[in-house]
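A quick note: this is a predicted structure, and the numbers were derived from the prediction, not measured.
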Amino acid sequence: MRTGIQGLGWFVRRSADPRTQMDFYLAALGLPSLRRWSYNGSAGAMLRAGDVGVFELGALDPTAAAAPPADPAQAECTPVFRARDMTAALDRAVAAGARVAADTVDGGLREVLLTDPLGYPFSFLEADPASLLAHDAAAERAWRSPPAAMAALPPMPPAIQDIARVRLRVEQPQALAAFYVQTVGLDTLLDATAERALLHLGGTCALELVAGGARREPPKDRTEIPDVWILRVYDYVGIKAHFAVHDVRTVNTVDLTGGWLDYCADPEGRLFGYQERRPPDPAIPNSQLIEDAAARAVWEGREASGT
């Protein structure tokens with residue numbers, strides 16, 4: 001893993017009706033609310049997503065042609081939540097209005113694909129306590145002995161631990177895996193094939209690349225894309241310089257009082273981001289958010305211990 005990458009920091013889901021999605025994910029998954037806002041006709045929310053991650057809901061550019069996929073199984077980007085109690089997770093989601101699109105077993109693990117009321121997909125994947133893959137092993141350690149820094153955050157629901165995977169449907173998994181390993185700096189979890197690649201996003205989350213997608217033109221702005229994942233990093237300047245040397249296309253640089261954020265396009269035109277949050281400072285607005293303080297404490301603890 002490239003120095004400075006901690007893990008999945010944010011999974012952003014944008015839609016034409018973020019208020020409906022906010023209410024749904026609060027009810028269906030029980031993800032704890034960190035913040036909600038509504039102004040100038042727009043709305044958004046930050047929900048805790050386990051580990052050092054946040055599930056962010058916001059507004060899609062109304063002029064964008066993006067729409068929920070007709071077939072959820074063919075979605076370009078899907079968040080996959082790690083279920084510690086599949087029955088309880090499913091019962092709660094369905095009661096809140098989720099629709100089951102597929103129920104499969106792969107490698108002995110059950111995965112259920114669902115859609116929210118607007119048609120956007122998400123999955124529940126059974127936790128695998130016996131897995132030796134780095135993200136699963138990290139999840140098992142965190143489940144058995146949660147980092148002390150996380151005690152300051154509102155607790156996750158008993159049935160859902162975190163986002164276990166971000167699944168991208170791509171044109172060439174092997175070629176794209178090479179970009180994410182060699183240029184972005186992710187570690188390989190499973191050797192890439194023509195059909196699938198599994199890479200470590202850090203912490204308890206993996207990036208899964210599966211065949212069946214198509215190359216696309218990079219967006220002109222981040223708000224044109226319904227779903228995008230963002231790394232939580234602590235070397236924004238170094239990563240930005242590294243990407244510039246390797247001609248990684250920057251789509252947006254967002255000016256934030258609480259940190260630094262860039263959105264980039266990968267070689268197939270898909271959007272991803274990286275963000276560094278400022279150290280806590282009472283004089284700087286939005287630099288004392290509880291999820292950022294917890295993530296930084298975990299990061300500094302691991303750095304100090306060398307793990």
Side-chain angles (χ1 to χ4, degrees), residues 7-8 10-13 15 20-33 45 47-57 68-69 71-131 133 135-140 142-144 146 154-169 189-190 196 198 200-201 203-210 226-227 229:
L8 178 68
W10 297 262
F11 186 97
V12 183
R13 169 153 283 178
S15 72
T20 292
Q21 285 192 324
M22 285 182 228
D23 293 340
F24 170 78
Y25 286 107
L26 285 167
L29 273 68
L31 299 182
S33 178
L47 311 180
R48 187 183 174 202
D51 195 38
V52 297
V54 173
F55 191 63
E56 180 179 348
L57 299 164
D71 179 359
Q74 299 300 312
E76 185 173 278
C77 184
T78 303
V80 180
F81 291 88
R82 181 178 279 107
R84 288 286 173 173
D85 184 336
M86 180 66 82
T87 299
L90 272 177
D91 286 349
R92 179 171 187 160
V94 171
R99 182 180 69 84
V100 175
D103 193 335
T104 59
V105 175
D106 183 17
L109 296 177
R110 185 184 179 194
E111 180 174 349
V112 181
L113 177 65
L114 305 103
T115 56
D116 67 23
L118 300 185
Y120 290 89
F122 64 97
S123 278
F124 292 145
L125 176 67
E126 283 184 321
D128 186 1
S131 173
L133 296 177
H135 70 302
D136 289 331
E140 190 62 20
W143 181 256
R144 294 180 180 276
M156 291 290 289
I160 301 294
Q161 182 179 358
D162 53 22
I163 296 179
R165 300 181 188 181
V166 174
R167 179 174 294 139
L168 300 182
R169 191 163 295 280
L189 292 171
L190 294 175
R196 183 172 178 259
L198 195 67
H200 195 192
L201 283 177
T204 67
C205 190
L207 178 66
E208 184 180 16
L209 309 175
V210 295
D227 293 316
W229 54 277

Student: To the closest 0.5 Å, what do you measure between NE2 (His135) and CD1 (Ile163)?
Tutor: 12.5 Å
Student: Compare all side-chain heavy atoms of Leu57 with those of Leu47 and state whether any distance is below 4.5 angstrom.
Tutor: yes
Student: What pair of heavy atoms forms the shortest contact from Arg13 to Pro79, and how long is it?
Tutor: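 The answer is NH2-CD, 3.4 Å.
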Student: Do Val210 and Arg167 have side chains that get closer than 4.5 Å, going by heavy atoms?
Tutor: yes
Student: Side-chain contact test, heavy atoms from C-beta onward, threshold under 4.5 Å: evaluate it for Leu29 versus Pro157 and give yes or no.
Tutor: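 A side-chain contact under 4.5 Å is absent here.
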Student: Output the distance between atom CZ (Phe122) and atom CZ (Phe11), rounded to the nearest 0.5 Å.
Tutor: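 If we round to the nearest 0.5 Å, Phe122:CZ and Phe11:CZ are 12.0 Å apart.
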Student: Say you draw a straight line from CG of Leu168 to CD of Glu76; how long is it, rounded to the nearest 0.5 Å?
Tutor: 7.5 Å
Student: What distance do Asp85 atom CG and Glu126 atom CD have between them, rounded to the nearest 0.5 Å?
Tutor: 10.0 Å
Student: Which atom pair, heavy atoms only, marks the closest approach of Leu109 to Ala127?
Tutor: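 Closest pair (atom of Leu109, atom of Ala127, distance): CD2-O, 4.0 Å.
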Student: Within the structure provided, determine whether Thr78 and Glu208 are in side-chain contact (heavy-atom separation under 4.5 Å).
Tutor: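 Contact flag for Thr78/Glu208 side chains = no.
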Student: As a quick check of understanding, evaluate side-chain contact (heavy atoms from CB on, under 4.5 Å) for Leu118 and Phe24, giving each step before the final call.
Tutor: CA-CA 10 Å; Leu118 300 185; Phe24 170 78; over 6 Å; no
Student: Using atom types as modelled and distance alone, determine if a side-chain donor or acceptor of Asp51 lies under 3.5 Å from a backbone N or O of Gly53.
Tutor: no
Student: When Val112 is tested against each of Leu125, Thr104, Asp103, Val94 for side chain to side chain contact (heavy atoms under 4.5 Å, CB included), which residue passes?
Tutor: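 Filter result, single survivor: Asp103.
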Student: Would you sort out whether Glu111 and Asp106 count as a side-chain contact (heavy atoms from CB on, under 4.5 Å), showing the intermediate values?
Tutor: CA-CA 8 Å; Glu111 180 174 349; Asp106 183 17; over 6 Å; no
Student: Can you give me the closest heavy-atom contact between Ala98 and Leu114, atom names plus distance?
Tutor: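 Of all heavy-atom pairs spanning Ala98 and Leu114, the closest is CB-CD2, 3.9 Å.
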Student: Any chance you could lay out the side-chain contact (heavy atoms from CB on, under 4.5 Å) test for Gln161 and Met156, step after step, and finish with the verdict?
Tutor: CA-CA 6 Å; Gln161 182 179 358; Met156 291 290 289; over 6 Å; no
Student: Do you know the tightest heavy-atom contact between Ala75 and Pro69?
Tutor: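 Nearest heavy atoms, Ala75 then Pro69: CB-CG, 3.7 Å.
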Student: If you take all heavy atoms of Arg92 and Gly30, which pair is closest and at what distance?
Tutor: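 In terms of heavy atoms, the two residues are closest at NH2-CA, 3.3 Å.
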Student: Might you work through the side-chain contact (heavy atoms from CB on, under 4.5 Å) test for Ser33 and Leu26, ending with a clear yes or no?
Tutor: CA-CA 7 Å; Ser33 178; Leu26 285 167; 3.9 Å; yes
Student: Rounded to the nearest 0.5 Å, what's the gap from NE2 on His200 to CG on Leu190? Could you check?
Tutor: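 Separation between the atoms: 12.0 Å.
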Student: Are the side chains of Cys205 and Asp162 in contact, using a 4.5 Å heavy-atom criterion?
Tutor: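 No, their side chains stay 4.5 Å or more apart.
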Student: Check whether any side-chain N or O of Arg110 sits under 3.5 Å from a backbone N or O of Phe124 as a donor-acceptor pair, and report yes or no.
Tutor: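 It does not hold such a pair.
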Student: Work out which heavy atom in Asp227 is nearest to a heavy atom in Cys77; give both atom names and the distance.
Tutor: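 For Asp227 and Cys77, the tightest heavy-atom pair comes out as OD2-O, 3.5 Å.
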Student: Does the side chain of Arg48 reach to within under 4.5 Å of the side chain of Leu31, using non-hydrogen atoms?
Tutor: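 They are not in side-chain contact.
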Student: With distance as the sole test, does Arg99 use its side chain to make a donor-acceptor pair with the main-chain N or O of Pro117 at under 3.5 Å?
Tutor: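 A pair under 3.5 Å: no.
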Student: Does the side chain of Pro121 come within less than 4.5 Å of Leu113's, by heavy atoms?
Tutor: yes
Student: Within the structure provided, determine whether Asp116 and Thr20 are in side-chain contact (heavy-atom separation under 4.5 Å).
Tutor: no
